[in-house]
Enquirer: 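For reference, the structure I am asking about is given below.
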Amino acid sequence: INWDFTSGNTPNTNLPGGTTNLSFNTGGTNGTTGCTGSGFSTNNWNVNEYFQIEFSTVGYNLTTMTFNVRSSGTGPLNFRVEYSSTGTGGAFTDLGSNFTSGNGVCVGRSADFTSINALDNNANVVVRLVFTGGEADGTPATGDAAGAGTFRIDDLVINGSAIVVGPEINVQGNSTTITDGDATPS
C-alpha cells in the first residue's frame, strides 16, 4: 500500500480486497506541500494526538512501514508508533519505535512490524503516529506544539509479503510396493 498524496487520501496502490483510511484526530488538510510534491499536512498538535492509518493485511504478512516527515519550527517533534490488531476501537500497543520529525527538512523514517504476528492476515490493522511532545526547533522540548505549527507526512509505504499456501498432498496406503529405482509399482 502506498500514498504519495497526489490523489488525495486515495492510495496509489491498495491490497486486493482491502480498504484503507487515513485520518488525523483533530483535523488535517490534504494536498498541501509534502516532501516530494503533495502531502498530508496538519497543525494544532497537542500531546497524544495522532495520525492514523487503517488497512487490511488479509493475504499478507506485514513487514515494514516507511514514510517521510517534516515539521515547521513550531510544529511537533517527538512521536511514537502504536498499533492495534482489533480495529480503531481496540487496544493499542506501543511498538517501541520512536522518531523525530525534521525541522523544516524532510527526513525518512520507518517502523518494523515483522515480529508482530497479530497484524498478519488481518482485516483490522490500525497504525498510529502519536505525538509525544516538543517543537521541532527544540523550544519547548516538551509539551504541546504551537497552534500554527505544522506536521507533514509524504511517501507513505506499507510493505508486506504475500502469504503463500502450497498444495496439499494426501498420501494413503493401498498395499502397493514401490522398490527404489523401479519405475513400475508392483
Side-chain angles (χ1 to χ4, degrees), residues 1-14 20-55 57 62-84 87-88 90-116 119 125-160:
I1 304 171
N2 71 54
W3 288 265
D4 65 8
F5 299 98
T6 56
S7 301
N9 271 354
T10 305
N12 301 56
T13 306
N14 201 352
T20 57
N21 185 43
L22 300 175
S23 61
F24 173 63
N25 68 326
T26 62
T29 305
N30 201 350
T32 62
T33 304
C35 292
T36 56
S38 296
F40 190 88
S41 178
T42 58
N43 59 5
N44 295 313
W45 283 83
N46 295 313
V47 171
N48 291 322
E49 292 182 335
Y50 52 84
F51 176 80
Q52 178 170 278
I53 310 113
E54 301 169 53
F55 56 98
T57 61
L62 178 60
T63 55
T64 59
M65 181 174 78
T66 60
F67 49 97
N68 293 320
V69 292
R70 78 175 187 182
S71 291
S72 64
T74 57
L77 174 63
N78 299 301
F79 289 84
R80 73 176 173 267
V81 179
E82 294 181 348
Y83 66 88
S84 171
T88 57
F92 281 81
T93 303
D94 186 343
L95 182 63
S97 180
N98 299 323
F99 69 92
T100 57
S101 184
N103 179 6
V105 296
C106 239
V107 290
R109 299 294 185 233
S110 65
D112 187 342
F113 297 97
T114 54
S115 65
I116 314 298
L119 301 179
V125 175
V126 183
V127 174
R128 288 179 176 170
L129 309 180
V130 181
F131 176 49
T132 59
E135 290 184 357
D137 63 7
T139 307
T142 60
D144 298 339
T150 59
F151 170 77
R152 294 176 177 160
I153 188 166
D154 197 0
D155 306 314
L156 173 63
V157 179
I158 298 169
N159 299 294

Enquirer: Parallel under 30°, tilted from 30 to 60°, perpendicular over 60°: which one fits the rings of Phe131 and Trp45?
Expert: perpendicular
Enquirer: Considering only residues two or more places apart or on different chains, which pairs with a residue in residues 68-82 satisfy salt bridge (charged side-chain N to carboxylate O under 4.0 Å, His left out)?
Expert: Arg80-Glu82
Enquirer: Which heavy atom in Ala145 sits nearest to a heavy atom in Gly75, and how many Å separate them?
Expert: CB-C, 3.8 Å
Enquirer: Please tabulate, one pair per line, all N/O donor-acceptor pairs under 3.5 Å involving side-chain atoms of residues 107-115, not counting sequence neighbours.
Expert:
| from | atom 1 | to | atom 2 | distance (Å) |
| --- | --- | --- | --- | --- |
| Arg109 | NE | Thr100 | O | 2.9 |
| Arg109 | NH2 | Thr100 | O | 3.1 |
| Arg109 | NH2 | Thr100 | OG1 | 3.3 |
| Asp112 | OD1 | Thr114 | N | 2.9 |
| Asp112 | OD1 | Thr114 | OG1 | 2.7 |

Enquirer: What are the two closest heavy atoms between Ala136 and Ser72, and how far apart are they?
Expert: CB-O, 3.3 Å
Enquirer: With the side chain counted from C-beta on, respond yes when Asn68 and Ile153 share a heavy-atom pair under 4.5 Å apart, and no when they do not.
Expert: no
Enquirer: Going by heavy atoms in the side chains, are Ile116 and Leu95 under 4.5 Å from each other?
Expert: yes
Enquirer: With heavy-atom distances below 4.5 Å as the criterion, would you say the side chains of Phe92 and Val126 are in contact?
Expert: yes
Enquirer: Got Ile53 and Leu156 here, is their nearest side-chain heavy-atom distance under 4.5 Å?
Expert: yes
Enquirer: Begin with the C-alpha distance, continue with both residues' side-chain angles, and end with the deciding distance and a verdict on side chain to side chain contact (heavy atoms under 4.5 Å, CB included) for Glu54 and Val125.
Expert: CA-CA 6 Å; Glu54 301 169 53; Val125 175; over 6 Å; no
Enquirer: Aromatic ring centroids of Phe79 and Phe151 under 6.0 Å?
Expert: yes
Enquirer: Can any side-chain N or O of Asn78 pair as donor or acceptor with the backbone N or O of Gly133 at less than 3.5 Å?
Expert: yes
Enquirer: Ser101 side chain to Ser71 main-chain N or O, any donor-acceptor pair under 3.5 Å?
Expert: yes
Enquirer: Hey, are the side chains of Val69 and Asp154 touching, using non-hydrogen atoms and a 4.5 Å cut-off?
Expert: no
Enquirer: Apply side chain to side chain contact (heavy atoms under 4.5 Å, CB included) to the pair Leu129 and Met65, showing each step before the final yes or no.
Expert: CA-CA 11 Å; Leu129 309 180; Met65 181 174 78; 3.9 Å; yes
Enquirer: To the nearest 0.5 Å, what is the distance between OG on Ser84 and CG on Leu119?
Expert: 8.5 Å
Enquirer: Are side-chain heavy atoms of Tyr83 and Asp94 found at a separation under 4.5 Å?
Expert: no
Enquirer: Would you give the length of the straight line joining atom CG of Asn159 to atom OG1 of Thr64, rounded to the nearest 0.5 angstrom?
Expert: 3.5 Å
Enquirer: Determine whether a donor-acceptor pair (N or O, by modelled atom type, separation under 3.5 Å) exists between the side chain of Ser41 and the backbone of Arg152.
Expert: no
Enquirer: Could you tell me if the ring centre of Phe99 sits under 6.0 Å from that of Phe67?
Expert: yes
Enquirer: For residues 135-148, pull every pair meeting side-chain hydrogen bond (donor to acceptor under 3.5 Å, both in side chains), keeping only residues two or more places apart or in separate chains.
Expert: none
Enquirer: Taking Thr74 for the side chain and Ala146 for the main chain, is one N or O donor matched with an acceptor at less than 3.5 Å?
Expert: no
Enquirer: Answer yes or no: is there a side-chain heavy-atom contact under 4.5 Å between Val81 and Arg128?
Expert: no
Enquirer: State, with a plain yes or no, whether a side-chain heavy atom of Tyr50 is found less than 4.5 Å away from one of Asn48.
Expert: no
